[in-house]
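One structure is given here, and the rest of the page talks about it.
Heavy-atom basis, side chains included; hydrogens, waters and symmetry copies ignored. Residue numbers begin at 1 in each chain, while the letters A, B, ... track the order of the sequences.
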Protein chains: 2
Amino acid sequence: MSVTTAKGFTAAGIAAGIKQNGNPDLALVVNNGPRRAAAGVFTSNRVKAAPVLWSQQVLKGGEVTAVILNSGGANACTGPKGFQDTHATAEKVAEVLGHNAGEVAVASTGLIGVLLPMDKLLPGVEQAAAQLSEHGGEKAAIAIKTTDTVHKTAVHQGWGSPRSSEAESGGGWTVGGMAKGAGMLAPGLATMLVVLTTDADLDSETLDKALRAATRTTFDRVDSDGCMSTNDTVLLLASGASGVTPAYEEFAEGVRAVCDDLARQLIGDAEGASKDIRIEVVNAATEDDAVEVGRSIARNNLLKCAIHGEDPNWGRVLSAIGTTRAAFDPDQLNVAINGIWVCKNGSVGEDRDLVDMRYREVRITADLSAGSESAVIWANDLTAEYVHENSAYSS
Amino acid sequence: MSVTTAKGFTAAGIAAGIKQNGNPDLALVVNNGPRRAAAGVFTSNRVKAAPVLWSQQVLKGGEVTAVILNSGGANACTGPKGFQDTHATAEKVAEVLGHNAGEVAVASTGLIGVLLPMDKLLPGVEQAAAQLSEHGGEKAAIAIKTTDTVHKTAVHQGWGSPRSSEAESGGGWTVGGMAKGAGMLAPGLATMLVVLTTDADLDSETLDKALRAATRTTFDRVDSDGCMSTNDTVLLLASGASGVTPAYEEFAEGVRAVCDDLARQLIGDAEGASKDIRIEVVNAATEDDAVEVGRSIARNNLLKCAIHGEDPNWGRVLSAIGTTRAAFDPDQLNVAINGIWVCKNGSVGEDRDLVDMRYREVRITADLSAGSESAVIWANDLTAEYVHENSAYSS
């Protein structure tokens with residue numbers, strides 16, 4: 001159930017001593033081939049961590065042999081020394097595995113503005129390499145956790161193209177993945193590191209197309225707290241070890257399904273959250289309008305507090321919609337909370353006391369009455385625990 | 001020290017029974033002339049409350065005789081009935097004062113989506129009119145409070161143009177004002193009602209110019225919680241009762257000073273806040289860039305939590321800057337917190353342990369190294385008390 005479910009991959013997760021509490025903090029994922037095609041998407045934050053700058057260069061080559069990921073330090077805003085450290089980490093992985101550093105992606109997560117303890121990280125690379133295993137996926141997923149309370153993995157099984165029998169295609173293919181992410185989940189990616197692996201036999205262009213299509217409607221549409229990270233990285237590695245080349249649509253849907261599953265897990269484990277809020281904007285003039293309105297609702301602190309208090313405060317939804325440039329007439333806005341249309345035509349609708357908000361998932365539907373496009377954004381409520389987790393210590 | 005400091009104005013504040021707890025909830029401000037010039041700025045939220053829609057029409061005439069303001073209900077998202085109620089309120093004021101309803105501005109604040117109790121509000125208008133007084137400014141300021149812990153007033157005394165002696169100008173002139181605002185303070189105005197009065201002898205065009213210039217760099221640059229209200233209203237009324245026509249620059253500076261004072265008071269009393277954060281963006285390529293960066297920092301929940309925890313977490317400042325479109329090079333960003341340059345050239349700067357964050361005011365300076373423009377945005381920290389105030393009951 002992780003990055004080692006697909007054939008051709010080994011992984012490891014160890015405690016290198018980067019985290020002061022001794023928890024696992026270093027993960028290594030290796031693509032043993034036969035092919036090593038890869039694609040990646042990265043944070044759109046203009047302040048990018050050293051490992052993001054490094055890995056963006058690596059991905060330009062379209063091939064990735066290994067990914068080394070550490071928690072316990074973001075290596076962001078660390079200047080030239082930080083970049084040197086990322087480079088040295090990739091070189092160490094290449095040396096240990098006998099590969100080229102130009103095919104080693106690096107990802108880091110943790111506090112910004114602190115240099116990594118290279119005296120612990122580099123020996124950790126050797127230790128991780130020694131423990132690489134086809135069963136190492138769970139341990140790798142555990143080692144990338146920061147304030148995550150659980151590790152996150154997902155798998156999709158494909159069975160070849162519908163146009164070919166299983167016998168003809170030589171069996172099935174798999175997409176598996178792991179993710180970490182807790183706070184700072186926001187569009188243009190959340191604070192998250194994600195590694196997806198597949199044994200499908202595909203080139204890097206196809207991987208890139210499928211990955212961008214998948215992240216656009218999954219990771220890019222979770223907005224836990226409106227904050228955008230410096231380190232977000234989503235990688236997709238293909239080993240080709242299944243010998244199967246699935247039809248593009250089928251493969252893309254598999255990647256999307258795994259991304260969707262992991263994105264939902266990120267929201268479900270967001271820092272201090274007590275509610276997962278599914279915001280669906282319907283009847284928008286354009287998909288962009290639907291996304292803009294969804295994000296505006298997702299980021300409204302007053303609404304997030306109201307949801308936390310199980311208060312179906314639809315006025316705050318309208319107030320958030322009103323700040324956008326989307327096409328709508330204020331007198332034609334409708335809002336449902338958990339299926340009850342509490343706002344009709346921009347004014348009071350069904351009785352708000354009918355709204356049952358006891359459960360963790362809260363569904364807000366915003367009907368713009370302006371077209372036929374729609375989008376779903378996932379967010380969290382705002383709680384005293386979120387404040388506590390992000391004020392009581394640096395993170 | 002309020003709307004009745006300037007000559008020519010009377011005011012009253014009473015408990016009409018709109019608020020269920022019996023606190024004062026209705027304020028009336030009357031311009032007794034000789035002139036009744038006025039200007040107003042309103043929320044840029046596209047979902048506007050009925051009183052905003054009404055008062056925008058009134059202000060088009062350039063004359064306002066009276067302003068009736070209620071707390072205890074926003075009369076927003078209340079449909080045609082809500083607008084009828086606003087209209088009826090203005091008619092009642094006009095009837096009682098013997099004026100024209102087309103010169104009566106209306107402002108409301110409180111919960112969205114609930115109709116006002118007109119059976120209490122209309123008799124309240126008569127009661128308020130009966131108590132109009134040249135000393136009623138404080139009571140009016142008290143009656144517009146919602147979750148404000150203190151009422152807010154400010155005054156600026158002008159002494160005629162520097163080009164004319166006091167004797168020549170016939171004495172001084174005054175700008176006074178009152179404000180209410182607690183949560184939902186955001187650009188394009190905060191959740192606030194503000195009435196400014198002056199006895200300067202000026203026409204509505206001059207008032208409009210001075211008011212827009214003043215709000216642009218004061219109320220529009222406070223961002224307590226990133227939320228934009230449906231009801232924000234700032235009115236400036238001139239009675240001409242001083243007989244003085246100050247030079248424009250002098251008058252504009254007076255209006256700006258009063259707005260600045262009131263804006264600062266709004267931030268100092270924001271819901272649940274424990275810190276007032278002054279964010280100054282310097283060396284920006286354009287003023288728009290400086291404002292965009294300032295707002296992005298002001299709205300970053302993770303940073304707001306860190307400030308609450310007295311943690312000089314400059315990484316979150318850089319992370320927020322990185323989400324903007326402003327001109328900057330990530331390697332040339334500098335950040336000071338309370339005067340300590342904790343980030344230099346996009347990386348670690350002076351020792352963060354030198355930053356003293358014990359006091360309520362926290363100063364963040366973001367140096368973009370991209371030009372010579374600057375802007376100041378005021379914000380608040382994010383606290384468990386904010387969550388509590390906005391989740392424990394509807395507001």
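A384(B) and A384(A) get closest at one heavy-atom pair: CB-CB, 3.7 Å.
Ranked by heavy-atom pairs under 4.5 Å with chain B, the first of T324(A), D381(A), D331(A) is T324(A). Of the listed residues (V348(B), N301(B), N300(B), V114(B)), the greatest number of heavy-atom pairs within a distance under 4.5 Å of chain A belongs to N301(B). Per-residue counts of heavy-atom pairs under 4.5 Å with chain B were compared for P80(A), P312(A), G315(A); the largest is that of G315(A). With chain B as the partner, the residue from A74(A), S296(A), P330(A), G346(A) showing the most heavy-atom pairs under 4.5 Å is G346(A).
Here the side chain of R46(B) pairs no donor or acceptor atom with the backbone of T323(A) at under 3.5 angstrom.
Taking the side chain as every heavy atom from C-beta outward, V47(A) and L333(B) approach each other to under 4.5 Å. Residues N313(B) and L111(A) meet the side-chain proximity criterion, which asks for heavy atoms closer than 4.5 Å. Contact check for H308(B) versus V387(A): side-chain heavy atoms found under the 4.5 Å cut-off. A 4.5 Å side-chain heavy-atom check between N45(B) and S319(A) finds at least one atom pair inside the cut-off. With a 4.5 Å cut-off on side-chain heavy atoms, L382(B) and L382(A) count as touching. Residues L318(B) and I112(A) have side chains not in contact (no heavy-atom distance under 4.5 Å, counting atoms from C-beta outward). You'll find the side chain of R316(A) reaches within 4.5 Å of the side chain of N390(B), heavy atoms only.
Annotation: R325(B), atom CZ; neighbour count of heavy atoms from other residues, nucleotides and ligands within 6.0 Å does not exceed 12.
Of the two parts of N345(B), neither the backbone nor the side chain holds a non-hydrogen atom closer than 4.5 Å to a non-hydrogen atom of chain A. There is no contact between A76(B) and chain A, counting heavy-atom distances below 4.5 Å. For chain A, no part of L303(B) is nearby; none of its heavy atoms comes within less than 4.5 Å.
Separating the NZ atom in K81(B) from the OG atom in S347(A) is a distance of 11.0 Å, to the nearest 0.5 Å. Here the straight-line distance linking atom OG of S391(A) with atom NZ of K304(B) works out to 13.0 Å at 0.5 Å rounding.
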